[in-house]
There are 2 protein chains.
Amino acid sequence: MINAGKRSGRPRAGEERLSREAILTAALRIVDDKGIDALTMRRLAATLEVNPMSLYHHLPNKAAVMAGLAELVFAGLEQPDPGDAVPWDEQLKDAARGYRNALRAHPNLALQVLSDTSAVSAVVVVVVEPFYRALDRAGLSPRQVFEAANTLVDFIHGFSLGEASVRTENFDLAPDLITRVEQLPAGKAPVLARVVGELGPEGLAYDFDSGFESGLATLTAGIAATRRR
Amino acid sequence: MINAGKRSGRPRAGEERLSREAILTAALRIVDDKGIDALTMRRLAATLEVNPMSLYHHLPNKAAVMAGLAELVFAGLEQPDPGDAVPWDEQLKDAARGYRNALRAHPNLALQVLSDTSAVSAVVVVVVEPFYRALDRAGLSPRQVFEAANTLVDFIHGFSLGEASVRTENFDLAPDLITRVEQLPAGKAPVLARVVGELGPEGLAYDFDSGFESGLATLTAGIAATRRR
DNA sequence: ACCTGAACACCGTTCAAGT
DNA sequence: ACCTGAACACCGTTCAAGT
C-alpha cells in the first residue's frame, strides 16, 4: 500500500495520477496477464490505486476502454514494406505475416478486437496499404485488388481467431481432432476419417506457422490465376 | 403472470417445467432477439418463469449454456452434398456456402461460437466431411487435403466474423471505408486511396454474397494450382 | 477540474431448506 | 430429485459532495 494515506479532491499541479494513456496501459497489462474477463473497471482502478469512479473522468465507459485498447495496440503498427525489390507475391506474403504477428502479440485482446467491427475497420485501414501495393503491382484491376485484399484479410482473421483461441486455452489440436473423429458415428465422415488416419498423430501435429504459410501459398496462387483472365 | 401462484418443491410426475432442452431453446431465443449480452441466467430463468437457481439442476453453469447453444445450432447441421455429379470445385464451393449459411443463421451467436475453441472444433468436425470429399476428388494428397480444408475454414470464419459483426451493429461498410481513408494523413496510403477513389461509393457498396464468391473463386483456383505440382 | 463515497440496479453462484 | 429463498461476492455506472 504505497499510497495508503491518499486524500480526495483535486491533485496539485503536476501531481495528476491519472491519464487516458496511463489507464489504457494498465488495462492492457491486465488483459495480457490475466485475460479479457479479468478487466473490470473496479480492478483496473485498484491497480492504479484510485477510486473506480476516477476512471470515468478520462474515459466515458468500459466500451471506450476496450476501443482504446484496440487503438493502442494497432495504431503504432507500421508495416515494414520490402517494396518493389521483391516479387509482388513475396511482398503480399510479408504484409500478411506482419499483420498476423500484430494480432498475435496480444492474443487475449485479439478475440475482442476481431469481434468489434469498428476496431477491425480502424485497424484494417491502417494495415492494408502494403496489401494494396502488392496487389496493384500484380496487375489487378481496382475491383480485383479490393476483393483480393478482403479475402486475404478474412483468411488472416479466421486463422488468427483459431490461433488466439488455442493460445488462450492451451489446448492441443492434434489429439483433439483425432478423438473427435473417433467419436463420430462410423461411416459418418469416411474421407475425413481416412485422411486423419493416414496422416497420423505426427502428421497432424499442427504447426501454426506452416499452416499459415500453406494458406498464403494457396491464396497467392489463386490471385495469380485470377489475374490472367 | 400466468404462473403467479407457483409453489416450490418437487413438481408432480409429468409436470416438470424444466429440461436442458427447454432451457437452451429459451436461451437461443433470447440471443437471437436481444443479443448475446442479454443472455443472463436470471433473465433466462425469468422467461421460463422459474427461480434462477433451478437452471443449475440442468446445466452446471453459464459456460455450459453457451456451449449447449453452439451444440444446439450446429449439431443438426447436415451438409447437402451434391456428390460426384458436379466438378470437385463446385462441390467444394457448395460445402463452403452451406457452412457460411449455418453461421449466418444466428449472427448474435456466431461471434461467441467462433471465439470458443471447443465449440469451433466440435462444429468443424461435423461440417467438414464434404470439404474433405471434394478435395480428395481433386486429387490432393492427405496432407494437402488437410491444409486446404483448414485454409478454407479459416477464410469462412474470418468472413463470417465480419458479416456477423456488421449484422449485429447495422453498419454500412462503404461510407465507413471512404471516411476512414479520407481521414488518413495525406500520402500515408496512396494505393489504397487511389483504389478506393477509382471504385467510388457504388463500386464499394459491399455485397457480402459476391465478396464471399470472390473469395471462394480465389481459393479454389489456388487449390487447383497447388494440385498440379 | 479532478477525485471520492455512497448508492442503485444489476450479475453468477453457493448453500441450506422446502416438498 | 427438483425447485426455492436468502445470501455472498462481485459488476458498471449515476449522482452529490469534497478540494
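Quick note on labels: first sequence line is chain A, next is B, and so on, each numbered from 1.
- Interface residues of residues 26-37 of chain B facing DNA chain D, ordered by number: none; criterion, heavy-atom separation under 4.0 Å.
- Close to dT4(C), at under 4.0 Å from its OP1 or OP2, lies a side-chain N or O of Ser54(A).
- Every side-chain hydrogen bond (donor to acceptor under 3.5 Å, both in side chains) that Arg20(A) has, sequence neighbours left out, goes to Glu71(A).
- Evaluation of the side-chain hydrogen bond (donor to acceptor under 3.5 Å, both in side chains) test over residues 21-38 of chain B, restricted to residues two or more places apart or in two chains, returns Asp32(B)-His106(B).
- Val195(A) is linked by a side chain to side chain contact (heavy atoms under 4.5 Å, CB included) to Val191(A), Leu199(A), Tyr132(B), Pro142(B), Val145(B), counting only residues two or more places apart in sequence or in another chain.
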Base, backbone or nothing for each nucleotide of nucleotides 6-16 of chain D, written B, S, -, heavy atoms under 4.0 angstrom, 5' to 3'? BB---BBBB--
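- Listed by chain and residue number, Ser214(A), Arg143(B) satisfy the side-chain hydrogen bond (donor to acceptor under 3.5 Å, both in side chains) test with Glu147(B) (two or more places apart in sequence, or in another chain).
- Protein atom CG of Leu59(B) is 12 Å distant from nucleotide atom P of dC3(D), rounded to whole Å.
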Intra- and interstrand pairs of DNA chain D - dot-bracket, Watson-Crick/G-U under 3.5 Å, | marks other strand: ||.|||||...|||||.||
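- Listed by chain and number, the residues in a side chain to side chain contact (heavy atoms under 4.5 Å, CB included) with Glu182(A) are Ile178(A) (sequence neighbours excluded).
- Partners of Asp209(A) according to the side-chain hydrogen bond (donor to acceptor under 3.5 Å, both in side chains) rule, which considers only residues two or more places apart in sequence or in another chain, are Arg100(A).
- The two residues Ala26(B) and Leu48(B) have their closest heavy-atom pair at CB-CD2, 3.9 Å.
- Scanning for side-chain hydrogen bond (donor to acceptor under 3.5 Å, both in side chains) contacts around Arg42(B) gives an empty result, with sequence neighbours left out.
- Counting only residues at least two apart or in different chains, side-chain hydrogen bond (donor to acceptor under 3.5 Å, both in side chains) contacts with residues 54-67 of chain A are absent.
- The salt bridge (Lys or Arg N to Asp or Glu O under 4.0 Å) pairs that include a residue from residues 151-160 of chain A number zero, where partners must be two or more places apart or lie in different chains.
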